[in-house]
Amino acid sequence: MHRLSLISKIFIATAIIAGAAVLGNGVHWQSSSPVELLALLVMTLIASRLKVKLHGISGTMSVNLPFLLIVAVRLSSSESLLIAALASLVQSIPAVKSRTTLVQALFNSATITNAVAAASLAFGFALHRGLVAPLSVAGAGAAFFVANTVQIALVLCVTEGKDLFKVWRDMTRLSTPYYVLSAGIAAVICAAIQFALWTEALALLPLMYSIYTSYRLYFATPAAAESLPAEAKPMGRASANVASASAAAN
């Protein structure tokens, strides 16, 4: 693990500040549907704890993406941003044991908060343009995908000195199927909720648990590590470098 450069520290700090600003600007502490808010909050937090360890990467992948898209579509900006921030922090527990890992948790929370904000804006824009709800949800998923992956690719670029486009390309190659699946699931569930079909909506949690189980079994095999793109391997070192930002500043 090497010390982060000044540019890396500035970028990480900027991302955290931007996430905090987005959250602070969007949170107005009001809810038109407390029951729906509570239900989506609980399901999102539970899904955030369903994490898969990826070979060659010191981070994890959670199956909470469909829930994050649903809250971006169904709830107000204040509600969706609050849930996004809480979900990403819950995903980091119990990893946050020191000041250095707290920096990593805050960075992850900021990137997810920014991505949910982008998804919410994209959904509102699509609806305003007259697109049908499923296409608007797809637009929200695309905005989340771009915002999230670009932020991660940027931090890998500044901490590891890798080519930005190549890192982003290989990252999208690994994660695109999951994003497409999540956007499709979110569109179906949003339609079910719209017609008060809460039984179908609640079925999302066991569905995501089955996906989590499948991913966990797949990535538990040595062959899964070999199937990762070559540029995915350095992500583990970059995560460690992000976590060491606070210590390196001393």
Side-chain angles (χ1 to χ4, degrees), residues 15-50 61-93 105-129 131-152 178-194 196 198 201-202 204-205 208:
I16 294 175
I17 293 172
V22 168
L23 179 61
N25 182 65
V27 171
H28 303 297
W29 310 109
Q30 59 182 5
S31 175
S32 58
S33 180
V35 175
E36 183 177 5
L37 170 63
L38 180 61
L40 290 175
L41 172 62
V42 171
M43 288 191 290
T44 304
L45 294 183
I46 292 175
S48 297
R49 295 302 301 162
L50 302 179
M61 181 182 72
S62 174
V63 295
N64 61 2
L65 178 55
F67 297 95
L68 293 175
L69 292 179
I70 291 171
V71 300
V73 169
R74 292 289 306 171
L75 304 180
S76 66
S77 61
S78 60
E79 295 166 336
S80 60
L81 293 176
L82 178 61
I83 290 178
L86 290 175
S88 54
L89 289 176
V90 166
Q91 184 177 345
S92 301
I93 299 172
L106 290 175
F107 177 80
N108 292 339
S109 181
T111 58
I112 294 299
T113 301
N114 292 335
V116 168
S120 182
L121 288 174
F123 179 77
F125 178 81
L127 280 184
H128 182 72
R129 291 290 179 176
L131 292 181
V132 294
L135 289 180
S136 298
V137 175
F144 186 103
F145 172 78
V146 172
N148 193 39
T149 56
V150 166
Q151 289 179 98
I152 297 174
Y178 173 59
Y179 276 90
V180 172
L181 174 64
S182 298
I185 292 174
V188 171
I189 296 302
C190 286
I193 294 176
Q194 184 177 357
W198 273 97
L202 291 174
L204 176 58
L205 197 55
M208 296 313 298

Identify each donor-acceptor pair in which a side-chain atom of residues 41-48 lies under 3.5 Å from a protein atom, sequence neighbours left out, and give them as a table.
from: Thr44; atom 1: OG1; to: Leu40; atom 2: O; distance (Å): 2.6
from: Ser48; atom 1: OG; to: Thr44; atom 2: O; distance (Å): 2.7
from: Ser48; atom 1: OG; to: Asn64; atom 2: ND2; distance (Å): 2.9

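Between Leu69 and Ala119, the shortest heavy-atom contact is CD2-CB, 4.5 Å. Between Gly139 and Ala122, the shortest heavy-atom contact is O-CB, 3.8 Å. Minimum heavy-atom separation, Ala115 to Gln151: N-NE2, 4.3 Å. Counting all heavy atoms, side chain and backbone alike, Ala110 lies closest to Ile16 at CB-CA, 3.7 Å. Residues Ala147 and Ala118 approach most closely at CB-CB, 3.9 Å, considering heavy atoms.
Rounded to the nearest 0.5 angstrom, Glu36 CD and Ile70 CD1 are separated by 9.5 Å. Distance check: Phe107 CZ to Ile152 CD1 gives 7.5 Å after rounding to the nearest 0.5 Å. Distance check: Ile185 CD1 to Ile189 CD1 gives 7.5 Å after rounding to the nearest 0.5 Å. Distance check: Phe145 CZ to Leu65 CG gives 10.5 Å after rounding to the nearest 0.5 Å. In this structure, OG on Ser136 lies 5.0 Å from CG on Leu131, to the nearest 0.5 angstrom.
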Next item on the list: Check the pair Ile112 / Phe144 against side-chain contact (heavy atoms from CB on, under 4.5 Å), numbers first and verdict last.
Entry: CA-CA 9 Å; Ile112 294 299; Phe144 186 103; 4.2 Å; yes
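In this structure, Arg49 contributes its side chain and Val90 its backbone to a donor-acceptor pair below 3.5 Å.
Looking only at side-chain heavy atoms (C-beta outward), Leu37 and Ile83 come within less than 4.5 Å of each other. Contact of the Tyr178 side chain with the Val63 side chain is registered, since non-hydrogen atoms from C-beta on lie closer than 4.5 Å.
Applying the side-chain hydrogen bond (donor to acceptor under 3.5 Å, both in side chains) test to pairs two or more places apart or on separate chains, none has a residue in residues 115-126.
Looking at Gln91 and Asn108, their side chains never bring a donor and an acceptor atom within 3.5 Å of each other.
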